[in-house]
Amino acid sequence: MASAAPAVVPTSSTSADLDSQDGKYQWHSQWYPVGKVEDLDPRRPHATHLLGIPLALWKDAQGQWRAVEDRCSHRLAPLSEGRVEKDGTLQCAYHGWQFDGRGACTHIPQLRNDEKAQQVACASRRSCVRAYPTQVAHGLLWVLPDSSAAGWEKAATPPSTAQLLGGANDDGADPDVGWYVRDMPLRFDTLVENIADPSHVPFAHHGVQVCRLRAGPARTGRDSDHGRQGVAGLGWVQATSGRRTHPCLCAADHGRAVAASKPQGRRSQEKGTKLTLQDLGPDGFKTPFNMTGADMAVSFTAPSIVRYHPASSNTPFLILLAVPTRPGWSRLYHGLLNSGRKPTSFFFKILSAIRKIQWADHSFLRHPILDGDTYMLHVQERLLLGKNNDWKGSYYMPAPADGAVVGTRRWFDEHGGVVPTCEAGVAMPPQLSKRDAIERYHQHTKHCKVCSQALRNVETATWLAAAGGVLAALVLVARAVAGLPLLAPESVAPALAGAVCGGLVAVLQALRQQFIFVDYVHQDKN
């Protein structure tokens with residue numbers, strides 16, 4: 001392969017220079033997660049989007065993850081459809097041009113026999129593709145979407161791993177997080193407004209996280225008998241699941257699980273959320289709140305971090321990362337903090353067992369949370385856009401509980417400036433049906449290593465069970481053709497095997513749907 005002369009890294013005209021012109025938030029000068037590292041196959045390139053920029057991701061020969069704009073400089077073919085060569089370069093599948101991790105073209109096959117022309121072409125800025133700095137932290141691959149020389153210089157001294165998640169815990173340690181990732185058919189501003197709003201949780205997520213009217217005990221403090229710490233506001237329980245601290249599925253269910261060993265007292269009904277907007281500024285805002293008796297806080301740290309934590313502590317029990325990907329779409333990283341304590345109550349032992357099986361955690365615990373309100377938000381934002389995004393005139397919010405929503409919208413208006421993928425007049429994709437808005441396969445399963453493998457296993461098991469049922473049926477048919485009595489003891493085994501295989505097929509088909517689509521009907525959540 002001919003060696004190419006060093007190429008100049010192209011400067012992005014859509015990066016920090018444009019951010020600084022309007023005096024608003026510098027969106028292209030921040031780090032964003034683009035995927036879970038364990039879900040990225042290092043043997044092949046991956047396509048994704050960030051701030052409306054199509055990206056191709058791959059791991060080079062030195063073990064470094066790379067990110068370039070997903071457009072070949074030759075004929076604009078997507079580089080993510082290419083292949084990773086043995087030398088760690090990314091080869092375009094259309095005409096074979098190769099690029100290194102800094103975006104330089106290193107080889108043009110069509111000029112293989114002309115060394116001078118090869119060097120001249122590869123040294124041209126026009127042969128380069130935009131390349132973006134990357135780093136790995138907290139199990140995520142992060143990208144700085146600034147391909148300029150200043151961007152690469154900034155990346156030489158990246159933020160601490162704690163800063164990437166909004167700060168360290170009270171003990172100074174980085175948060176240890178278990179991630180679930182899903183693409184959401186929502187604009188970035190809509191998603192942030194939703195995840196920073198605690199008051200919707202008892203209703204939109206009734207029976208999944210909390211209960212509609214019995215949102216949790218109106219008290220705080222640690223229950224040492226059950227290894228938990230009462231949490232207010234969201235009706236969540238900071239409960240140990242062995243490794244992870246997680247929201248209790250339903251406070252009422254938890255109450256039943258521990259009632260036998262500790263008197264609970266009367267659960268208070270919804271009393272109205274007390275919420276105060278504080279510290280609204282360029283870096284975000286904080287909203288202390290109390291919904292059921294305990295003092296909590298939710299904070300938004302620009303550009304994408306929402307943390308829920310006790311008001312007296314900086315250690316969150318839930319971290320949410322909202323990332324703008326392309327118009328009408330965002331990606332949500334749902335992070336539950338790991339805990340070193342072991343569960344003691346039967347209820348939490350069951351949850352702990354489920355969470356250790358990641359596909360079950362995603363299918364039965366995490367997916368239903370987002371299924372509960374995604375379609376409503378998808379419709380809501382289209383209606384709001386139809387009113388020129390005039391949230392002040394369109395929303396009627398008389399309760400203090402909407403303070404986080406006000407804080408979110410005010411931050412975008414006063415500090416966010418022009419948000420990539422949410423610009424005025426940007427073309428939005430058509431409104432989706434409910435089924436398409438909350439389908440699970442394309443939004444999560446196909447990108448999740450454990451869930452895609454689990455789906456393949458379920459489909460294989462379904463085929464084997466069906467084959468076993470057919471075989472059992474053939475045995476019974478053969479006995480009937482031979483004139484042997486079907487009620488004889490010899491027919492019991494194949495009949496039983498056929499029934500078992502039929503039952504397995506039905507169960508496995510239902511399980512398969514957990515990876516594809518499960519409807520969410522609020523009327524049925526009693």
Side-chain angles (χ1 to χ4, degrees), residues 35-36 38-40 139-140 177-186 195 201 204-210 236-237 239 241-250 253-254 318-321 331-338 343 347-375 377-378 432 434-465 503-522 524-525:
K36 284 176 62 178
E38 69 177 54
D39 292 338
L40 299 173
L140 303 176
V177 187
W179 297 107
Y180 154 88
V181 185
R182 184 163 171 176
D183 288 322
M184 308 291 290
L186 305 172
I195 62 178
V201 176
H205 307 304
H206 167 76
V208 176
Q209 285 182 291
V210 299
W236 283 336
V237 173
S241 63
R243 287 189 69 246
R244 294 177 185 165
T245 305
H246 59 79
C248 175
L249 290 184
C250 178
D253 292 337
H254 173 70
L318 176 65
I319 296 179
L320 302 164
L321 305 179
R331 182 167 295 157
L332 178 65
Y333 296 78
H334 183 277
L336 298 176
L337 266 69
N338 296 331
F347 177 76
F348 288 124
K349 286 180 179 179
I350 295 297
L351 285 180
S352 175
I354 294 175
R355 292 208 180 279
K356 290 178 181 178
I357 307 172
Q358 284 193 47
W359 66 263
D361 175 27
H362 295 176
S363 297
F364 300 112
L365 300 182
R366 311 261 197 142
H367 278 325
I369 297 173
L370 301 185
D371 291 344
D373 54 11
T374 296
Y375 180 63
L377 295 168
H378 182 71
L432 301 176
K434 182 181 179 182
R435 181 183 180 89
D436 289 337
I438 63 173
E439 66 86 27
R440 298 177 176 184
Y441 181 76
H442 293 94
Q443 294 178 14
H444 173 82
T445 301
K446 69 179 293 186
H447 306 295
C448 176
K449 181 179 179 180
V450 294
C451 289
S452 57
Q453 182 60 56
L455 176 58
R456 288 192 291 269
N457 292 342
V458 167
E459 291 176 337
T460 299
T462 302
W463 184 88
L464 292 174
L504 278 175
V505 168
V507 170
L508 290 168
Q509 286 179 333
L511 181 57
R512 180 181 182 274
Q513 282 301 112
Q514 295 292 328
F515 302 98
I516 308 298
F517 167 78
V518 177
D519 196 9
Y520 196 102
V521 181
H522 284 273
D524 297 339
K525 304 295 180 181

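Since the model is a prediction, treat every value here as computed from it, not as a measurement. Position 1 is the first residue of the sequence, and the numbers go up from there.
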Asker: What salt bridge (Lys or Arg N to Asp or Glu O under 4.0 Å) pairs are there with at least one residue in residues 440-456, not counting sequence neighbours?
Answerer: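 Output for this query lists Asp371-Arg440.
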
Asker: Closest approach of Ser363 and Pro368, non-hydrogen atoms and distance?
Answerer: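 Minimum heavy-atom separation between Ser363 and Pro368: O-CD, 3.5 Å.
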
Asker: Scan side-chain atoms only and decide if Asp183 and His442 contain a donor-acceptor pair under the 3.5 Å cut-off.
Answerer: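 There is no such pair (donor and acceptor under 3.5 Å, judged by atom type) between the side chains of Asp183 and His442.
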
Asker: Let me confirm one number: the CG-CH2 distance from Leu511 to Trp359, rounded to the nearest 0.5 Å.
Answerer: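 Rounded to the nearest 0.5 Å, the CG-CH2 separation comes to 5.0 Å.
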
Asker: Rounded to the nearest 0.5 Å, what separates atom OG in Ser452 from atom OH in Tyr441?
Answerer: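 Atom-to-atom, Ser452:OG and Tyr441:OH are 7.5 Å apart.
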
Asker: With rounding to the nearest 0.5 Å, note down the distance linking CD1 in Ile319 to CH2 in Trp179.
Answerer: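 If we round to the nearest 0.5 Å, Ile319:CD1 and Trp179:CH2 are 5.5 Å apart.
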
Asker: When rounded to the nearest 0.5 angstrom, what distance separates CG in Asp361 from NZ in Lys356?
Answerer: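 Reported value, rounded in 0.5 Å steps: 12.5 Å.
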
Asker: Can any side-chain N or O of Gln514 pair as donor or acceptor with the backbone N or O of Val518 at less than 3.5 Å?
Answerer: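 Between the backbone of Val518 and the side chain of Gln514 there is no qualifying donor-acceptor contact (under 3.5 Å).
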
Asker: For the residue pair Lys525 and Tyr520, would you count it as a cation-pi contact if the rule is NZ or CZ under 6.0 angstrom from the ring centre and within 45 degrees of the ring axis?
Answerer: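 Verdict for Tyr520: a cation-pi partner in Lys525.
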
Asker: Working to the nearest 0.5 Å, report the span between CG of Leu320 and CD1 of Ile195.
Answerer: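 If we round to the nearest 0.5 Å, Leu320:CG and Ile195:CD1 are 5.0 Å apart.
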
Asker: Any side-chain heavy atom of Thr462 within less than 4.5 Å of one from Arg512?
Answerer: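 Of all side-chain heavy-atom pairs linking Arg512 with Thr462, none is under 4.5 Å.
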
Asker: Closest heavy-atom contact between Ala437 and Thr374?
Answerer: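 Closest heavy-atom pair between Ala437 and Thr374: O-CG2, 3.6 Å.
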
Asker: With a 4.5 Å heavy-atom cut-off, do Glu38 and Gln358 have their side chains touching?
Answerer: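 Counting from C-beta outward, Glu38 and Gln358 do come under 4.5 Å.
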
Asker: Check the orientation of His444 and His367. Use parallel for under 30°, tilted for 30 to 60°, and perpendicular for over 60°.
Answerer: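 If you compare the ring of His444 with that of His367, the planes turn out perpendicular.
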
Asker: Over all heavy atoms of both residues, which pair between Gly335 and Leu318 is shortest? Give the atoms and the distance, please.
Answerer: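 Result for this residue pair: O-CD1, 3.4 Å.
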
Asker: Heavy atoms, side chains only, cut-off 4.5 Å: are Leu186 and His378 in contact?
Answerer: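 Contact flag for Leu186/His378 side chains = yes.
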
Asker: Under 3.5 Å, side chain of Lys36 to main-chain N/O of Val181, donor-acceptor pair present?
Answerer: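 Judged by distance alone, no pair lies under 3.5 Å.
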
Asker: Check whether any side-chain heavy atom of Tyr333 lies under 4.5 Å from a side-chain heavy atom of Val177, and answer yes or no.
Answerer: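 No, every pair of side-chain atoms sits at 4.5 Å or beyond.
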
Asker: Is any side-chain heavy atom of Ile369 closer than 4.5 Å to one of His334?
Answerer: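 A side-chain contact exists here, since the closest heavy-atom pair is under 4.5 Å.
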
Asker: Is the backbone of Phe515 close enough, under 3.5 Å, to the side chain of Thr445 for a donor and an acceptor to pair up by distance?
Answerer: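 Between the backbone of Phe515 and the side chain of Thr445 there is a qualifying donor-acceptor contact (under 3.5 Å).
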
Asker: Looking only at non-hydrogen atoms, find the nearest pair between Leu508 and Ala465 and report the distance.
Answerer: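 In terms of heavy atoms, the two residues are closest at CD1-CB, 4.4 Å.
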
Asker: Between Arg182 and His362, is any side-chain donor less than 3.5 angstrom from a side-chain acceptor?
Answerer: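 His362 and Arg182 do not have a side-chain donor-acceptor pair below 3.5 Å.
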
Asker: Apply side chain to side chain contact (heavy atoms under 4.5 Å, CB included) to Leu464 and list each qualifying residue two or more places apart in sequence or on a separate chain.
Answerer: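 Leu464 satisfies side chain to side chain contact (heavy atoms under 4.5 Å, CB included) with Thr460 only.
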
Asker: Nearest 0.5 Å, what's the CD-CG distance between Gln443 and Leu332?
Answerer: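 Answer rounded to 0.5 Å: 11.0 Å.
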
